[in-house]
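This report concerns only the one structure given below.
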2 protein chains.
Amino acid sequence: MKKNKCLTIYHELSHKIQKRDLKPNTFLPSENQLVNQYSASRETVRKALNLLAHDGYIQKIKGKGSIILDINNSLDSFPFEDTIYLTENRDTNILYNIELINPDHHIQQRMNVSMTDYVWEILRGRTSKGKEFVLDKMYFSKSFVPNLTREIRKESILEFLEEKLRLKISFIQTEITVEESPRETYNYLKFRNNPYVIIVRNYGYLEDTSLFHYVESYYNLDNFHYYNFERYYQP
Amino acid sequence: MKKNKCLTIYHELSHKIQKRDLKPNTFLPSENQLVNQYSASRETVRKALNLLAHDGYIQKIKGKGSIILDINNSLDSFPFEDTIYLTENRDTNILYNIELINPDHHIQQRMNVSMTDYVWEILRGRTSKGKEFVLDKMYFSKSFVPNLTREIRKESILEFLEEKLRLKISFIQTEITVEESPRETYNYLKFRNNPYVIIVRNYGYLEDTSLFHYVESYYNLDNFHYYNFERYYQP
DNA sequence: TTGTATTTGTCCGTATGTATC
DNA sequence: CGATACATACGGACAAATACA
């Protein structure tokens with residue numbers, strides 16, 4: 001039975017905090033007490049506590065202890081929204097096209113693939129926050145995703161990729177710019193009172209740093225909103 | 001001379017990556033090599049590497065090494081550092097005004113303070129990426145920052161706050177929208193060919209989740225760009 | 001296929017410094 | 001002042017993934 005002791009401590013403590021077995025605004029047992037409780041070294045306990053702090057469960061105060069935060073009052077109240085993956089409001093999603101193509105010059109550059117490679121192109125419309133219309137152009141290299149059918153539109157695409165194909169995103173680079181509307185988007189974007197659109201480009205990478213997928217999302221200027229939440233990491 | 005060795009290693013490596021002394025898609029020296037280079041223990045080196053990975057500089061691959069990622073523009077990858085930390089690198093910064101004010105209705109709402117509270121307002125112009133002009137409106141609650149002089153403009157404001165006042169940012173919420181240019185920005189923003197501006201709002205919170213400062217940055221549509229790096233779970 | 005060296009991942013025990021009370 | 005608690009650092013140990021012969 002080989003387990004990650006640090007994560008075990010983290011999960012046990014985080015569950016207790018979530019279930020309110022450990023009450024907000026009280027102190028956790030001291031690091032030395034936790035060392036005894038879990039028969040672990042202090043470094044291991046500290047790594048677990050750092051994870052808890054990073055995820056907003058506790059606040060560490062030097063010389064005093066680790067105080068348990070009220071999660072309802074902190075984490076959940078921040079509008080953290082994933083702009084790509086939460087496609088679950090399927091009623092408002094429209095799948096325009098799924099096609100296996102040879103990438104054009106633009107995609108070749110963005111995805112670092114050659115003209116002779118094959119790439120899945122998915123064209124999708126969706127509404128965000130009720131009314132705003134968004135056009136997504138998603139690309140997956142065929143070397144990673146051999147098959148892709150229309151069926152997946154009823155599922156989350158990423159769930160399909162993770163659970164069926166065992167592909168795991170490790171990190172994402174996001175890039176936001178304002179550009180003139182490309183002509184091919186005229187048919188899809190509803191508001192053309194302004195020549196500009198906002199383009200959000202997401203580059204998704206696997207653990208081996210290979211570029212796994214690329215998404216361009218086109219937003220009208222009206223009602224565009226983007227939220228990000230960044231926690232500072234403590235060594 | 002007491003310094004944090006882990007952070008020293010982090011800064012030295014991150015600067016080398018930013019300056020391209022260490023090239024993307026190559027490997028960092030192995031952990032053991034870094035141990036020798038910096039006369040540090042492996043745990044310390046590993047903590048520095050974890051910070052680099054968290055901030056998107058490198059990707060660690062078990063059994064292989066740490067590969068350097070291609071950061072489009074490392075400065076703007078961290079919107080908060082751009083607006084606050086790195087003010088000393090920009091000889092193109094102009095400090096328009098520092099004033100202790102009673103917040104107007106808008107700021108009262110954003111910062112959750114009352115009309116009778118006092119708030120520092122800092123108006124600053126800067127150029128980003130050479131030509132793009134950005135207007136920053138920064139606010140600090142007087143309860144956290146009793147004194148703020150023009151002298152700090154030559155230093156990093158955040159360094160001043162951290163080292164002198166012992167205030168530490170714990171997390172940041174970023175919000176990007178497109179809005180019509182407010183009239184009071186007309187004097188500052190150079191391009192008025194478009195009625196819209198991009199507004200980046202940063203909410204900085206302390207470790208105890210209290211809202212510590214608030215920044216509004218105004219960008220023209222032209223040449224606006226925003227980068228973000230997000231890593232999925234860190235064990 | 002097998003074995004060996006390298007590299008990263010996890011964990012331990014100890015020591016010293018610093019902040020709080 | 002001393003006791004407690006967290007912060008940083010060190011050196012060692014073993015496991016797991018990788019690369020290579």
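Only a predicted model underlies this, so the values are computations on that prediction, with no experimental measurement involved. In what follows, chains carry the letters A, B, and so on, assigned in the order in which the sequence lines appear, proteins first and then strands, with residues in each chain numbered from 1.
- Atom-to-atom, CZ of R46(B) to C1' of dC12(C) comes out at 14 Å; the value is rounded to the nearest Å.
- Applying a 4.0 Å cut-off to non-hydrogen atoms, the residues of residues 59-67 of chain B that approach DNA chain D are K62(B), G63(B), K64(B), listed by residue number.
- A side-chain donor from one of Y214(B) and R201(B) sits under 3.5 Å from a side-chain acceptor of the other.
- No donor-acceptor pair under 3.5 Å is formed between the side chain of N36(A) and the backbone N or O of Q33(A).
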Residues 58-69 of chain B side chain polar contacts: donor-acceptor under 3.5 Å, at least two apart:
from, atom 1, to, atom 2, distance (Å)
Q59(B), OE1, R231(B), NH1, 2.7
Q59(B), OE1, R231(B), NH2, 3.1
Q59(B), NE2, S170(A), OG, 3.1
Q59(B), NE2, E207(A), O, 2.9
K60(B), NZ, N50(B), OD1, 3.2

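- Not counting sequence neighbours, Y139(B) has no partner by the ring pair (Phe, Tyr, Trp, His ring centres under 6.0 Å) test.
- The stretch residues 25-33 of chain B touches DNA chain C through S30(B), E31(B), each having a heavy atom within less than 4.0 Å of the strand.
- Residue N50(A) has no polar side-chain atom (N or O) positioned under 4.0 Å from OP1 or OP2 of dC6(D).
- With sequence neighbours excluded, no residue forms a salt bridge (charged side-chain N to carboxylate O under 4.0 Å, His left out) with K23(B).
- Regarding L49(B), its CG atom lies at a distance of 14 Å from the P atom of dA9(D), rounded to whole Å.
- A straight line from OH of Y38(B) to P of dA9(D) spans 14 Å, rounded to a whole angstrom.
- When heavy atoms are screened at a 4.0 angstrom cut-off, S39(B) is found touching the sugar-phosphate backbone but no base atom.
- Remark: C1' of dC6(D) and CD1 of I58(A) are 11 Å apart, rounded to the nearest angstrom.
- Using modelled atom types and a 3.5 Å distance limit, the side chains of D55(A) and Y10(A) yield a donor-acceptor pair.
- Rounding to whole angstrom units, CG of residue L7(A) and P of dG9(C) are separated by 13 Å.
- Taking atom CG of L34(B) as the reference point, atom P of dA9(D) lies 15 Å away to the nearest angstrom.
- Side-chain proximity of K5(B) to the nucleotides dC10(D), dT10(C), dC6(D) is greatest for dC10(D).
- The distance from atom CG of L52(B) to atom C1' of dT8(C) is 15 Å, rounded to the nearest whole Å.
- Here the side chain of E43(B) is nearest to one of dA9(D), dG11(D), dC6(D), namely dG11(D).
- K47(A) places its NZ atom 14 Å from the P atom of dT8(D), with the value rounded to the nearest Å.
- The ring pair (Phe, Tyr, Trp, His ring centres under 6.0 Å) check on Y205(A) picks up F171(A), with sequence neighbours excluded.
- With a cut-off of 3.5 Å on both Watson-Crick or G-U wobble distances, the partner of dT1(C) is given as none.
- Neither side chain, N32(A) nor S30(A), offers a donor N or O lying under 3.5 Å from an acceptor on the other.
- Between the side chain of R42(A) and the base of dA7(D), at least one donor-acceptor pair of N or O atoms lies under 3.5 Å.
- In this structure, the separation between OG on S217(B) and OH on Y226(B) is 11.0 Å, given to the nearest 0.5 Å.
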